[in-house]
Amino acid sequence: MTPYQPTPEFAAALDSQDPLRGFRDRFHLPPGPDGQPGIYLCGNSLGLLPKTARAAVEQEFTAWEQLGVEGHFHGTSPWMHYHETLAAASARLVGAKPVEVVVMNNLTTNLHLLLISFYRPTVTRYKVLMEGGAFPSDQYALESQVRLHGLAPDEAIVELVPRPGEHTLRTEDITARIQELGESLATVILGGVNYYTGQAFDMAAITTAGHAVGATVGFDLAHAAGNIELHLHDWDVDFACWCTYKYLNSGPGGTSGVYVHERFANRPDLPRLAGWWGHDPADRFKMKKGFRPMEGAAGWQLSNGQIFPMAIHRAALALMEEAGGMPALRRKSERLTGYLEFLLRRLNLPATTLEIITPADPAARGGQLSVLVHRNGRALFDFLARNGIVADWREPNVIRLAPVPLYNSFMDVQRAGAAIEKWVAQAE
Ligand SMILES: *Cc1c(COP(=O)(O)O)cnc(C)c1O
């Protein structure tokens with residue numbers, strides 16, 4: 001592969017060779033301060049609006065307008081079965097079988113529903129292993145789950161922290177910790193990609209280690225779905241969930257995806273919180289007593305589907321598939337992020353000024369680079385914003401930059417790199 005160069009000419013050349021370059025025009029790019037499309041490097045927080053989403057929602061407005069309640073059974077895509085139309089693409093997205101996935105609710109809600117089924121502490125096996133400094137919603141979810149079982153969070157929750165002087169976790173330390181916890185470990189729940197550092201975990205190795213001691217293993221894929229390639233079924237992961245508004249471009253507060261391994265597909269005995277939409281559709285409307293779950297992940301549904309968020313999600317997934325799905329997106333993502341990394345490293349700044357805390361190994365990260373700015377981080381962030389570069393600030397001093405293969409160009413990355421270079425030069 002050609003070595004990277006920092007010039008706009010080089011970035012333009014990469015863009016002209018990019019097989020995905022046409023997809024940028026399929027999104028609405030919010031304007032920057034000069035009225036021109038801004039440089040949006042914040043798809044890790046909220047993905048951009050696909051131009052096809054409006055028509056997809058409009059179609060459901062029309063069905064509602066024209067059909068009223070009959071929209072559940074008639075129209076282009078009857079609402080009664082709407083979630084089923086998302087299963088195939090969702091399964092491809094996370095490397096699962098269609099029976100293993102369902103789209104419903106929101107992420108934290110789904111995390112709770114899955115933990116109710118897969119975190120089943122006993123007197124001796126009650127610990128749950130997670131990342132120290134996990135996303136707050138995951139921390140609160142786990143705390144409250146542990147309390148729900150009458151346990152104390154301090155005793156039941158074990159947190160993984162990097163070695164002194166390091167920013168990310170080593171796989172061997174994670175698996176060693178799992179072995180050490182042994183029969184006291186009930187469940188492992190980690191982010192697939194850590195939201196703060198951008199580290200992608202070795203989910204296969206972690207799952208194997210967890211199963212070896214008899215624990216269940218699940219992942220919060222909020223920052224992994226649509227970002228890296230996933231093979232949940234082959235990795236033998238027990239359960240997972242993800243939101244759809246980050247790398248999946250499905251709108252603020254959008255719906256969420258759930259994965260449950262096929263071996264639990266026909267386990268009506270598994271404890272769960274039930275609702276009518278997870279009940280066997282053959283007699284759902286008989287309104288009888290006695291919950292009988294549907295096969296697979298669909299058996300975790302509670303309520304009738306949220307058609308509008310699902311319509312956006314369907315349009316967004318279709319666009320990703322049109323681009324060639326995760327293999328094609330990931331190929332470009334690695335190049336984009338590699339280019340950003342090159343532009344930052346060539347500034348040759350001491351780690352005490354500006355430090356990339358995301359792993360350097362492309363296999364151990366997604367598209368995002370997290371930059372720890374030791375002094376005046378907020379000033380750099382504000383400078384970027386004034387220059388039309390939308391990044392994302394995390395207290396106390398990290399700027400997250402996430403070029404996204406569907407709508408970001410190499411020129412976006414080049415301009416972000418040049419802006420950081422300019423700021424560094426004037427700050428010196
Ligand atoms: C974005 C994110 C969430 C957000 O949860 P919602 O229920 O969608 O509000 C939770 N956990 C992680 C790890 C996230 O990255």
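One-based numbering, in listed order, for ligands and for the atoms of each.
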Any heavy atom of T108 under 4.0 Å from ligand 1? The part involved is both
- Item | Geometric cation-pi criterion, R314 with Y82: 6.0 Å, 45° | yes
Between N249 and I312, the two heavy atoms sitting closest are O-CG2, 4.4 Å
If you compare H112, K246, E131 by their heavy atoms, the one closest to atom 14 (C) of ligand 1 turns out to be K246
- prompt: Does R400 make a cation-pi contact with W393 (under 6.0 Å, within 45 degrees of the axis)?
  reply: no
Under 4.0 Å between heavy atoms, the region of D220 that gets near ligand 1 turns out to be side chain
From the list L369, L372, T168, side chain to side chain contact (heavy atoms under 4.5 Å, CB included) with I357 holds only for L372
**OP:** Decide whether a cation-pi geometry holds between K246 and F135; the criteria are a distance under 6.0 Å from NZ or CZ to the six-membered ring centre and an angle within 45° of the ring axis.
**Re:** yes
When distances are taken from atom 3 (C) of ligand 1, the protein heavy atom at minimum range is F135 CE2, 3.3 Å
Check this for me - ligand 1, D138, N or O atoms closer than 3.5 angstrom, yes or no?
yes
H149 and P121 have their tightest heavy-atom pair at CG-CG, 3.4 Å
Per-atom filter on ligand 1: closer than 4.0 angstrom to a heavy atom of H223 are 15 (O)
For Y245, the atoms of ligand 1 under 4.0 Å from one of its heavy atoms are 1 (C), 4 (C), 5 (O), 6 (P), 8 (O), 9 (O)
